[in-house]
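Comments concern the structure below.
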Amino acid sequence: MVVLQNEINNVPYIIDRCYEKEMKIFYNAAPYDESIQNYPIEKVTWLVVNETESAALSGEENYEKMLQVLKQKYPHTNILFTMGKDGSRVLTNNEDVKVEAMKVNAIDTTGAGDTYIGYFVKGILEGFSLVESANLATKASAIAVTRFGAVDSIPSYDEVK
């Protein structure tokens, strides 16, 4: 499995090589730029987007329409859609999971998305269901936003449990 973000070079090349090796690919389309439109996203196992990336890739503004367009464009790709205080959605060909955000006193959202993705991937690797993985990620990111910083705000697994 490989987890990619749009802050490194040669993302299309990495996607192609990992796909050839039949690896699971989690691709976070952040930070968004127009070159992503030409990436081989159809080869990605999981496309991770927030409202900004989803709107840019779909050309839509409504959450439901965004997801419909993305699933039409990438029918074999699972979608992990983070919506900040509106929670998250996990959309596969078999499941549509909605998880509400936890109500916390957020003081710094830096790193919240990365924390969410990291814990979601951990859940998948541990064999958790999509609901369990999304709930784990939601708890972790809720803790992270109550702290300052990026790396320093990421909670340990024991804290999240």
d(Arg89 CZ, Lys98 NZ) to nearest 0.5 Å is 4.5 Å

Atom CG of Leu80 and atom CG of Leu91: how far apart are they, to the nearest 0.5 Å?
10.5 Å

Looking only at heavy atoms, the pair that brings Ala112 and Val145 closest together is CB-CG1, 3.5 Å

Nearest non-hydrogen partners of Ala29 and Val49, listed with the distance:
CB-CG1, 4.2 Å

Heavy-atom side-chain contact between Asp114 and Val151 under 4.5 Å
no

Would you name the heavy atoms of Asn93 and Asn78 that are closest together and state the gap between them?
N-OD1, 4.3 Å

Give me the atom names and distance for the closest heavy-atom approach of Ser153 to Thr110.
OG-O, 3.9 Å

Would Lys85 and Glu100 pass as an ion pair if we require N to O under 4.0 Å?
no

Measure the CG-CG distance between Asp96 and Leu67 for me, rounded to the nearest 0.5 Å.
7.5 Å

Enter the distance from Cys18:SG to Lys24:NZ here, rounded to the nearest 0.5 Å.
14.0 Å

For Glu126, is there an ion pair with Lys122 - N to carboxylate O distance below 4.0 angstrom?
yes

Which atom of Pro31 lies closest to which atom of Ile36, heavy atoms considered:
O-CD1, 4.2 Å

Determine, stepwise, if the pair Phe81 / Ser88 fulfils side-chain contact (heavy atoms from CB on, under 4.5 Å).
CA-CA 6 Å; Phe81 184 35; Ser88 62; over 6 Å; no

Could you measure the distance from the CE atom of Met23 to the CE atom of Met1? Nearest 0.5 Å is fine.
9.0 Å

How about Thr92 and Asn94: does a side-chain donor come under 3.5 Å of a side-chain acceptor?
no

Test: salt bridge (Lys or Arg N to Asp or Glu O under 4.0 Å). Region: residues 38-56. Which pairs qualify, not counting sequence neighbours?
Asp16-Lys43

Closest non-hydrogen atoms of Pro155 and Glu159, given as atom of the first, atom of the second and distance, are CA-OE1, 3.3 Å

Nearest-0.5 Å distance, CD1 of residue Ile124 to CG of residue Leu130
5.0 Å

Pairs satisfying ring pair (Phe, Tyr, Trp, His ring centres under 6.0 Å), at least one member in residues 119-161, at least two apart
Trp46-Phe120

Should the pair Arg147-Asp108 be classified as a salt bridge under the 4.0 Å nitrogen-to-oxygen rule?
no

Candidate list Asn6, Thr45, Thr77, test side-chain hydrogen bond (donor to acceptor under 3.5 Å, both in side chains), partner Tyr27, passing option:
Asn6

